[in-house]
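First the structure, in the form of structure tokens, and then the observations on it.
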Amino acid sequence: MKTALCCLLLWAPALVTAGAQSVPADPVAWVNPYIGTGSGPIGYGGMMPFVNTPFGMTDWTPQTRQNKISGVSYKYDDTKITGFIGTHQPAIWMGDYGYVTLMPETGPLATEPASRGMSFTHADEITHPDYYSVRMTDPDGKHIRTEITATERCSYLRVTFPAGRTSRILIEASRPGIDGSASVDHSTHEITGYNPDRMDKHLSTIPLPHFKGYFVVQFRKPFHRAETYGLEGKAERGAWAEFDTREGEQIEVRVGTSFISIDQARANLKAEIPTWGFEAVRQKLHATWNDKLSRVQVTGATDDQKHIVYTALYHALLYPRVFSEQGRYYSAFDDTIHNGDSYTAFSIWDTFRAENSLLTLLAPERIPGMITALLQNYKEGGWMPKWPNPSYTNIMIGTHADSLVAEAMVKHFKGFDYQTAWDAVYKDAMTPPDDDTHRLWKDREEHVPYEARGGLTYYKQLGYIPTDTTAEAASRTLEDAYDDWCVAQVAKTLGKTTDYEFFLKRSQNYRNLFNKDTGLMQGRLRNGDWASPDAGWTEGTSWVYTWMVLQDLPGLVDLMGGPAKYNAMLDQHFAGGHNVHKNEPSHHYGYLYDFSGQAWKTQAKVREIAAAEYANLPAGLDGDDDCGQMSAWYLFTAFGFYPVNPASGDYMIGSPLFKSMSMRLANGKTLRVNAPLNSSTNLYIQSATLNGKPLDKPVLRYDDIMQGATLDLVMGPKPSAWASR
């Protein structure tokens with residue numbers, strides 16, 4: 001690990017020497033894309049070293065293995081590269097779709113990954129958000145250097161071949177068993193094609209006969225030979241182009257991608273990379289990332305901590321991804337082309353908790369378009385999706401798009417249709433999915449209709465979902481109750497008083513699962529009896545889900561018998577090892593003492609979690625980043641607050657990690673958190689002021705932040721009575 005991190009500093013651009021240390025002059029250099037790409041004592045984050053714009057449509061990464069559901073294209077532990085892939089896989093446990101792979105070669109043609117792989121070392125890699133480079137070694141010991149930069153939908157590759165060798169670029173349109181297509185145009189020196197693969201298509205019943213990921217590959221130097229290749233006379237799976245090269249000569253390649261057509265892929269190239277010039281494209285992408293990353297400033301962090309902060313920010317700004325092209329988009333919900341803008345890769349079960357809330361602060365210009373995209377999905381497919389990739393996938397539970405809509409309204413965002421939003425969340429809350437009482441709605445159940453709130457029929461009748469009728473029923477009951485609260489907020493914003501009161505009351509259904517004898521949530525059978533304590537949970541247990549009452553934690557405190565009993569149970573939760581930070585249901589638990597008069601325990605606990613679960617190492621993420629959620633938790637915690645109930649506009653205060661952090665908001669205002677006495681031992685808040693006025697509650701509101709807020713904290717080494725009432 002030391003070697004890799006050492007190399008990271010050696011090749012980071014724009015370095016200023018200061019004594020024995022090298023200090024990056026811009027925040028891009030603080031991003032370490034290796035974080036989350038390797039296995040180790042903290043965990044495996046399932047990440048890849050992406051070159052892309054913020055929210056870009058196509059990610060570009062070296063490929064060290066064939067990606068699939070549960071496996072991504074790059075892993076730090078691997079020693080060979082088999083290609084450079086334009087991927088749309090958003091998380092390790094999702095599939096890819098419409099991808100394309102390029103691979104430089106010398107010597108005999110090798111179309112299969114097992115035969116074309118070339119060795120490399122991390123000492124020969126450079127990885128940044130705006131640039132990737134690697135020197136590979138072919139079987140004869142010759143070196144090929146490949147460099148990549150990118151735009152929102154396109155990439156630019158620069159390949160340096162050895163002299164005296166066959167210089168070839170292979171384009172893999174699809175894999176064996178997939179009817180992809182590639183063709184060569186000798187007059188324009190283009191290779192074009194498409195890949196219709198959707199690895200998650202078994203998780204939906206919507207046929208998409210027109211779905212394809214299209215590509216156009218252009219070469220600056222004309223090739224002297226190019227052909228397609230297939231598998232035993234079947235469809236062309238790819239193509240290759242060969243060049244005559246001199247020592248040190250670079251072959252430059254532009255790749256455009258599209259989900260609309262080959263012509264649109266070419267138009268995307270013309271719009272985003274209109275002229276040849278690798279460095280100009282890279283500099284523009286570098287400036288784009290610097291603009292976003294520089295909005296967060298940190299003082300008092302070590303170099304390792306700065307790498308963690310800015311890498312987390314990079315990860316959080318990758319998703320959801322753009323899914324539209326020059327004012328049009330392909331809809332994977334009705335298989336047609338529409339006018340407008342669109343986004344996909346919403347890992348909503350994960351990201352509704354903190355990632356989306358972070359984007360309301362750091363990328364508010366994107367929020368109306370993202371909500372509009374979900375509403376377009378509703379109009380085209382009948383429901384807002386829970387995990388579009390790019391169509392319905394029925395992965396995870398709840399209809400937490402309701403939370404995203406409610407959060408946008410509570411935070412006063414405009415630019416999307418409020419009436420359509422109401423129609424969409426109301427349908428989520430009131431309309432059971434097809435054959436609701438005849439299906440179990442198991443996780444990743446194949447070839448079933450969109451499940452929305454599976455078991456909603458029983459929820460409406462009984463006030464809970466029985467574990468003997470529906471899979472993951474206890475978790476569904478608790479998460480549906482939160483979504484009801486969110487629907488109530490939408491109703492309140494629109495002046496629908498009766499609906500507001502109805503859904504606010506129904507959001508109290510969490511109480512129906514509370515077992516007073518154990519002090520924990522527990523599933524119920526259809527006849528009302530308690531189910532087994534282990535029954536009905538989603539990626540958790542009764543200990544994990546007892547605290548899933550985001551909408552009414554004061555009510556949970558009362559239900560448990562008051563603050564003392566609540567705190568004792570929460571102590572037992574942590575002492576018993578039930579807090580599993582690598583999975584999202586545990587993300588808010590460190591902040592729960594804020595609701596029961598022991599804010600000092602929150603301050604200690606969030607510091608402990610941040611130190612244990614994040615590091616400037618390839619194995620520096622404990623669990624999948626899940627489209628930015630793990631990273632968003634760290635960023636909020638570093639600032640010293642977290643959105644326990646994201647749709648409320650409230651942020652619960654923890655303990656900031658550094659002496660000072662600031663966030664430059666899009667409206668020109670600045671959020672500042674100052675804790676000048678902060679240290680690893682001075683982790684407890686002794687007193688606080690907000691904009692110079694005493695603050696005695698552990699709450700920071702969104703509206704305060706947007707006005708430009710300065711939170712000053714006096715830190716000390718011992719717990720204090722601050723915010724104890």
Side-chain angles (χ1 to χ4, degrees), residues 13 28 50-61 84-88 98-102 104 128-133 146-160 169 171 182-194 212-223 226 239 241 243 249-292 321-330 337 339-343 365-366 369:
V28 168
F50 289 138
V51 178
N52 200 355
T53 64
F55 314 105
M57 188 176 84
T58 305
D59 294 316
W60 298 90
T61 189
F84 300 92
I85 186 171
T87 176
H88 306 100
Y99 47 93
V100 60
T101 300
L102 287 78
H128 297 297
D130 63 315
Y131 176 78
Y132 175 85
S133 173
T146 302
E147 302 168 89
I148 306 174
T149 191
T151 61
E152 201 163 62
R153 301 167 188 85
C154 308
S155 71
Y156 197 136
L157 283 73
R158 188 164 63 183
V159 183
T160 306
I169 304 288
I171 295 94
S183 62
V184 178
D185 189 325
H186 292 271
S187 63
T188 62
H189 290 273
E190 283 185 343
I191 293 177
T192 61
Y194 61 80
K212 294 180 178 69
Y214 299 94
F215 63 85
V216 171
V217 181
Q218 299 175 344
F219 305 95
R220 187 169 190 176
K221 177 176 180 173
F223 48 72
F243 306 85
E249 184 177 1
Q250 296 173 330
I251 299 299
E252 298 182 42
V253 188
R254 297 185 296 198
V255 186
T257 66
S258 173
F259 290 98
I260 295 176
S261 67
I262 288 174
D263 286 342
Q264 184 62 54
R266 189 179 292 111
N268 291 343
L269 258 181
K270 184 177 181 180
E272 296 180 14
I273 312 179
T275 59
W276 291 99
F278 185 93
E279 291 302 330
V281 176
R282 180 189 176 185
Q283 289 170 12
K284 184 176 181 181
L285 182 55
H286 189 86
T288 297
W289 274 111
N290 263 347
D291 176 63
K292 276 296 185 186
R321 70 166 85 250
V322 168
F323 203 61
S324 50
E325 310 165 48
Q326 298 183 6
R328 296 191 300 160
Y329 66 93
Y330 165 80
I337 309 299
N339 292 325
D341 296 324
S342 188
Y343 290 83
E365 71 281 359
R366 300 275 182 170

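Keep in mind that this is a model prediction, so the values were computed, not measured.
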Heavy-atom pair with the smallest gap, counting every atom of [X] and [Y]:
| X | Y | value |
| --- | --- | --- |
| T275 | R254 | C-NH1, 3.6 Å |
| Y99 | T87 | CB-CA, 4.4 Å |
| V51 | H128 | CG2-O, 3.8 Å |
| I169 | I171 | O-CD1, 3.8 Å |

Min side-chain heavy-atom separation [X]-[Y] under 4.5 Å:
| X | Y | value |
| --- | --- | --- |
| P104 | F84 | yes |
| V217 | V100 | no |
| N52 | T58 | no |
| F323 | Y330 | yes |
| P54 | T288 | yes |

### Sequence-distant partners of E272, side chain to side chain donor-acceptor pair (under 3.5 Å), two or more places apart
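Result, side chain to side chain donor-acceptor pair (under 3.5 Å) vs E272: T151, R153.
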### side chain to side chain donor-acceptor pair (under 3.5 Å) involving Y343 - partner list, sequence neighbours excluded
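Counting only residues at least two positions away or on another chain, Y343 forms a side chain to side chain donor-acceptor pair (under 3.5 Å) with R366.
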With rounding to the nearest 0.5 Å, note down the distance linking [atom1] in [X] to [atom2] in [Y].
| X | Y | atom1 | atom2 | answer |
| --- | --- | --- | --- | --- |
| L102 | T146 | CG | OG1 | 9.5 Å |
| Q218 | C154 | CD | SG | 9.0 Å |
| L285 | T53 | CG | OG1 | 7.0 Å |
| E252 | T160 | CD | OG1 | 9.5 Å |
| H88 | T257 | NE2 | OG1 | 5.0 Å |

### Task
Would you indicate whether K284, at its atom NZ, is surrounded by more than 12 heavy atoms from other residues, nucleotides or ligands within a distance under 6.0 Å?
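No, not enclosed.
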Quick one: ring pair (Phe, Tyr, Trp, His ring centres under 6.0 Å) partners of [X], sequence neighbours excluded?
| X | value |
| --- | --- |
| F215 | none |
| Y156 | W276, F278 |
| W60 | none |
| F55 | none |

### Query
Are E249 and R220 ion-paired here, with the side-chain N under 4.0 Å from a carboxylate O?
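No, this pair does not count.
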Results of side-chain contact (heavy atoms from CB on, under 4.5 Å) for [X] - residues two or more places apart only:
| X | value |
| --- | --- |
| S133 | I126, Y131, R145, E147 |
| A267 | Q264, Q326 |
| A241 | I191, F219, F223, A226, F243 |
| N290 | D26, P27, V28, H286 |

### Task
Not counting sequence neighbours, which residues clear salt bridge (Lys or Arg N to Asp or Glu O under 4.0 Å) with R321? List them please.
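Checked R321 against salt bridge (Lys or Arg N to Asp or Glu O under 4.0 Å); matches are D59.
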### Message
Can you classify the ring geometry of Y214 versus Y194 as parallel (below 30°), tilted (30 to 60°) or perpendicular (above 60°)?
### Response
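Ring orientation, 0 to 90° scale: perpendicular.
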### Query
Which salt bridge (Lys or Arg N to Asp or Glu O under 4.0 Å) pairs, counting each pair once, include a residue from residues 259-268, with sequence neighbours left out?
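Pairs touching residues 259-268 that pass the test: E190-R266, D263-R266.
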### Main-chain N/O of S342 paired to S324 side chain as donor or acceptor, under 3.5 Å
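Looks like yes, one N/O pair under 3.5 Å.
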